[in-house]
Each structure stands twice: as structure tokens, then as C-alpha cells.
Amino acid sequence: MDRIKITGGQQLNGTIAISGAKNAALPLMIASLLTSDTLTLKNVPNLADVGQLGRILRNHGTDFTIAGKRPGKSPMQGETFHLTSRDIWDTTAPYEMVSKMRASFWVLGPLLGREHKARVSLPGGCAIGTRPVDLHLEGLKKLGAKIELEDGYVIARTPRGGLKGGKITFPLISVGATHNCLLAAVLARGETLIENAAAEPEIGDVARCLVKMGAKIEGIDTHTLKIQGVTQLEGAVHTVLPDRIEAGTYAMAVAATGGDVFLEGADPTHLQSALDLMVEAGVTIKIKKGGIQVTRGKEALKPVQVETQPFPGFPTDLQAQFMAMMLLVKGTSTVRETIFENRFMHVAELMRMGADISQSGDTAQITGVDELHGAQVMATDLRASASLVIGGLVAKGDTIVNRVYHLDRGFERIEEKLSACGAIIERLSE
Ligand code: UD1
């Protein structure tokens, strides 16, 4: 099992090219189930989750090729995927596949839309809370789906003639439930209204791609989506938007270590709440053509308070990295996690490095220490792993991050990108 070794104490300086967003690439790949034509996706990040979803789609009948794959290609270009789901020959998404990655549960909506039936295992994914799927199922029921749960599987069917437009009002904002219902509604008969929809930029990206495929969607990037169902969708070419979580992670790494890094391709409009908070803490952020410049000199950062919220609020996916950024900041910073109930698993690992963090319920208080020391730590989930890397970058001595496969699910070549900016970081493969 791969590990990452970091020798802390180096500043970061240079340019980091931001990859395509994992959380957009996955639902975009799933959208290819909606058409028998070819969907071409550009700027797809080379990540373990993308490969896993490719295997799941192949199982449904999607023919999936990677164009011009060659070593040494610029990361800014990402990969170009051609996905063709001419015939769906299997509407079952088995446990062995879905349990490895939660987003694969989102095949349910498009399979119902196109094939009128689906059998999809209840999902797995990061261990950051119970993460139910009740909102997905209630939403699909509003479109006429008949749903039963049997032996850990969701067995779903539509009435004769397929899904019917309806009104879905989510009681709380869910990214996944919005994707699943949007991907179902585009092929439903008549109009669907989704109220209290998630407005994360990745949902807007998927909606824009669906419009290129022939879908009729109003209200993109808002909390109310109005969809007029169409009978069929066509192929399209779409470029995956840049990964705001990757960009935010590197911005926080620079804030922690000091230095000056240009985040090439990062879109500041997708990261406003995080950038505002970093400025409040004393980091210099400059929005430039084609990216974001993050600078921190010798000046000390100030403690700040943060609460995670759905977009445009501060993203839960940057909470762990933010905590790592504040570990050496004099005074007490506070983090309140309002999205997931069990997303503090990095706390115990950061404390192994000498961090002073006290946690009570959904709130953690970080009191800055004079120094952190390198330690053996364990990655527990995808974003938590990134916080351990940031901790390692500022700790004295060597840090070994175990269970790097979590990191590989969502960060493309993290050790290469950081070492190009001066970090002493290497992958230890066994
Ligand atoms: C997605 C993202 C993940 C991010 C999260 C919140 C992807 C692949 N994953 O996850 O990186 O951390 O959004 O921004 O895009 N909930 C229910 N019932 C449901 C569905 C969700 O109660 O049916 C709850 C969850 O337990 C959680 C909250 O709603 O407390 C938000 O979850 P959701 O937005 O659905 O997260 P994911 O789509 O799983």
C-alpha cells in the first residue's frame, strides 16, 4: 500500500495547474447513460474514483475510451474521454462496485429516465457520517418511480411510459440528490420543478452539459431548477470545470507554509467564501487572468471562525484543510461542521503531530502551537488526507501519511504538484 513521506519546513513557490473537478467529472460521466450518442468530456482528472466509475459504466454497457492518452501530457489538458452508451445491457449496479464510491449511486436517476428500471446497491464512499439516500429516493418518487428496498439494493421502476415530471422540494440541500433527480428529470414527460436544489458549481456544470445534449433546464446555478423533459438526448462535447476543492487545498497549503503560488486555472467565483476567510486570516489573494495568486510572507496569520455551509458558503470539503492551516496560528480558531456529523476524524491524527484541538459535538477549537512534529498518521477519508499532508508540510521532521489510496481518489498527482513548488514529498510504493 502506498504511503507519502513529507519532510516539513519548506515554503511553497511556483505554479500549480488545477485539474478538472472530480465532483463534476463523475456526474458528467454518468450523464452519458442518457444518450446512445457519444459524450466527449475534456479535462477529466486522472483519479482513482474516475477509473472506478468507468468500470461501473462499462458494466451497464458504456463504451469508454480515453483519447490521445500518452505519458507526460500537460495536466492542464486533463484527459479526453469518449463515452458511448449505445445500448444499456445491464441496469444493475452491483454492491461490489457501488460500495467503493458513493457517487456511483447517481446512476439510478438516468437509468430510470432511459431504461425505466434500475437495481442499484445502496452506496459506500467516505466514512464521514451516515450519509443516507432518502432524499434521492423521495425525489425520484415525485417523478413517479416505484421504489422498494431489497437485500441492500434499491429496486426502482417507472410507470408505463416512463417518468413523469413533478415537483420536488428538498427539506435540506443535497448535492447528490439534486444530481440524481436532475439526471432523471431531463428524460421525464412534462415539467419538473426542483426546489431547494443544491447550487454547487459542479451541478451547474452538469446542467450546462445536459443543455448541450438537448435538455431544457432553467435556473442553472440557483436553488430552483425547472426542467422540461425531452424524449431523447444527443451527444455533446464538454470541458469539466476546474476543481475548486483542489485549488482551495493548495491555497491553504501555501497559507500554512508561507510562499507564493499561482493556482493556474482556478476559478475565484467558485471559492469566494474560502478566499474571503483566508484574507481575513491575513493571506494575500490576488485574482489574476487565468488563476489565483496566493501569497503569505513572514507576517503571522490571525485566528478566524468558520462554519461549513452549502455553496456559496464555506465548503465542508475544505474544512479539514482549513484546520490544518490554522494549527500554528497564535490564538484560537473555531470550526463548526454543519453538513456531516462525523467529519472530524483528522483531528486525532493532527493531534499526533502535536496540534492542540478540542472537539465538542459539531465544533472544534484549534489553539495555535509553536511547532508541530512529524509523525506516522493515517488518512481516514479523502479530504482529511489532504489536511495531514498540509500538517506534514509545516511539521518539523518527517511525516508518513498511510492509506494514501484515500488521497488518490480525489487529488491528481499531489506529491508531484507540491514537490514542483519546493516541498520535500515523495511517494513510497510497496
Ligand atoms: C457531495 C460531494 C462531497 C461533499 C458533499 C457536500 C460529490 C461526489 N460528493 O456529497 O464531496 O462533501 O456533496 O458538499 O460530489 N443527506 C440526507 N439524505 C440524503 C442525502 C443527503 O440526509 O438522501 C444529508 C447528508 O447526510 C449530509 C447532507 O445531506 O448531511 C449533504 O449531503 P450531500 O450534499 O448529499 O453530499 P453528497 O452528495 O454525498
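Just follow the structure's listing: the first ligand is 1, and inside any ligand the first atom is 1. This is a predicted model, so every value here is computed, not measured.
By the criterion of a heavy-atom distance under 4.0 Å, the side chain of D317, and not its backbone, is placed next to ligand 1. If you look at E202 next to ligand 1, there are no close heavy atoms at all, none under 4.0 Å. Contact annotation for V175 and ligand 1: heavy atoms of both the backbone and the side chain come within less than 4.0 Å of the ligand. Contact annotation: for F170 versus ligand 1, there are no heavy atoms closer than 4.0 Å.
Residue contact check: R343 has heavy atoms under 4.0 Å from atoms 12 (O) of ligand 1. Heavy-atom contacts of V133 reach the following atoms of ligand 1: 19 (C), 23 (O) (cutoff under 4.0 Å).
Every residue two or more places apart in sequence or in another chain that forms a side chain to side chain contact (heavy atoms under 4.5 Å, CB included) with V279 is listed here: I285. With sequence neighbours excluded, the residues satisfying side chain to side chain contact (heavy atoms under 4.5 Å, CB included) with A145 are L112, L140, I147, L163.
Residue-to-ligand polar distances place S174 within reach of ligand 1: an N/O pair is separated by less than 3.5 Å. Taking distance alone, with nitrogen or oxygen atoms compared against 3.5 Å, W106 stays at or beyond that limit from ligand 1.
Looking at P132, P315, A24, P27 and measuring to atom 20 (C) of ligand 1, the nearest heavy atom belongs to P132.
Remark: the H82 side chain and the T40 side chain contain an N/O donor-acceptor pair separated by less than 3.5 Å.
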